[in-house]
Amino acid sequence: MDECIFCKIIKGEIPSSKVYEDEDVLAFNDISPAAPVHVLVIPKKHISSLNDINEENSKVIAHVFVVISKLAKELGIDEDGFRVVSNCGEAAGQTVHHVHFHLLGKKKFTWPPG
Ligand code: 5GP
Ligand code: ZN
């Protein structure tokens with residue numbers, strides 16, 4: 001997707017603070033962190049939101065969660081606890097239409113979310 005900001009980050013057209021990269025997945029620090037640890041984990045393939053997950057593309061989403069589990073350990077948030085959020089659509093406040101998972105940590109979270 002030509003104008004997608006996260007596709008541009010994947011292509012290196014927009015700089016990012018990378019935390020992890022492999023053939024299918026990229027993780028980078030959120031530009032406007034909502035917690036001391038705030039990493040965005042995304043598939044390199046453009047998928048607009050959770051509304052567009054299907055049998056064909058679900059493998060990369062499963063891999064995203066393997067990466068999240070590894071990163072949680074590496075970032076030292078696995079024992080205290082962390083939160084993973086994916087905003088889908090307008091009501092949830094999705095602003096970037098390339099599916100992404102916020103990995104948030106080093107903060108005490110409240111539930112239910114606002
Ligand atoms: P959403 O609101 O769609 O769930 O999350 C989008 C996230 O992307 C926001 O937390 C926002 O701060 C982050 N973001 C938007 N543009 C950029 C950017 O150019 N670089 C980085 N690293 N994060 C961005
Ligand atoms: Zn994209």
Side-chain angles (χ1 to χ4, degrees):
M1 290 283 277
D2 284 354
E3 340 75 82
C4 171
I5 195 163
F6 286 177
C7 282
K8 287 185 179 175
I9 285 175
I10 290 160
K11 286 187 266 178
E13 292 171 11
I14 293 176
S16 68
S17 160
K18 280 183 202 171
V19 177
Y20 174 89
E21 181 167 21
D22 65 28
E23 207 179 316
D24 300 311
V25 170
L26 180 68
F28 53 97
N29 287 308
D30 196 291
I31 205 166
S32 179
V37 170
H38 188 170
V39 174
L40 298 171
V41 188
I42 67 173
K44 287 188 172 177
K45 177 184 164 57
H46 182 92
I47 300 168
S48 295
S49 79
L50 288 181
N51 279 331
D52 301 294
I53 306 300
N54 54 42
E55 289 298 334
E56 282 81 60
N57 61 26
S58 61
K59 213 171 160 190
V60 72
I61 302 301
H63 183 51
V64 160
F65 278 89
V66 174
V67 170
I68 285 172
S69 185
K70 278 185 190 160
L71 283 177
K73 291 175 185 72
E74 276 174 33
L75 297 167
I77 56 175
D78 57 322
E79 288 188 4
D80 282 351
F82 59 91
R83 184 168 285 178
V84 177
V85 174
S86 186
N87 296 315
C88 179
E90 202 183 332
Q94 183 179 5
T95 58
V96 177
H97 297 277
H98 180 129
V99 75
H100 52 280
F101 297 85
H102 299 258
L103 172 59
L104 302 149
K106 299 210 170 159
K107 174 181 167 157
K108 181 78 182 160
F109 299 98
T110 56
W111 189 263

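All ligand and atom numbering here is 1-based and tracks the order in the structure.
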Within a 6.0 Å radius of atom NZ on Lys108, are there more than 12 heavy atoms belonging to other residues, nucleotides or ligands?
no
Derivation and outcome, ring pair (Phe, Tyr, Trp, His ring centres under 6.0 Å), residues Phe109 and Phe82
CA-CA 8 Å; Phe109 299 98; Phe82 59 91; 9.0 Å; no
Any side-chain donor-acceptor pair under 3.5 Å between His100 and Asn87?
no
Using 30° and 60° as the class limits, which term best fits the ring planes of His102 and His38: parallel, tilted or perpendicular?
tilted
Kindly print each ligand 1 N/O atom paired with any protein N/O atom under 3.5 angstrom away, one pair per line, or none if nothing qualifies.
from, atom 1, to, atom 2, distance (Å)
ligand 1, 2 (O), Gly93, O, 3.2
ligand 1, 2 (O), Thr95, N, 3.4
ligand 1, 2 (O), Thr95, OG1, 2.8
ligand 1, 3 (O), Thr95, N, 2.7
ligand 1, 3 (O), Thr95, OG1, 3.2
ligand 1, 3 (O), Val96, N, 3.0
ligand 1, 3 (O), His100, NE2, 3.0
ligand 1, 4 (O), Asn87, ND2, 2.8
ligand 1, 4 (O), His100, NE2, 3.0
ligand 1, 4 (O), His102, NE2, 2.8
ligand 1, 5 (O), His100, NE2, 2.9
ligand 1, 5 (O), His102, NE2, 3.3
ligand 1, 10 (O), Asp30, OD1, 3.3
ligand 1, 10 (O), Asp30, OD2, 2.5
ligand 1, 12 (O), Asp30, OD1, 2.5
ligand 1, 22 (N), Asn29, O, 2.9
ligand 1, 22 (N), Ile31, N, 3.4
ligand 1, 23 (N), Ile31, N, 3.3

Is there a donor-acceptor pair closer than 3.5 Å between any side-chain N or O of Glu13 and the backbone N or O of Lys8?
no
Interatomic spacing from SG in Cys4 to CD1 in Ile42 - rounded to 0.5 Å
7.5 Å
Distance in Å, His97 NE2 paired with Cys88 SG, rounded so as to fall on 0.5 Å steps
9.5 Å
Which residues and atoms, protein N, O or S only, are under 2.8 Å from the Zn ion (ligand 2)?
Cys4 SG, Cys7 SG, His46 ND1, His98 ND1
Within the supplied structure, the quantity of interest is the number of heavy atoms (other residues, nucleotides, ligands) at a distance under 6.0 Å from Glu23 CD; does it exceed 12?
no
If you measure from the Lys or Arg side-chain nitrogens to the Asp or Glu carboxylate oxygens, is any gap between Lys44 and Glu21 under 4.0 Å?
yes
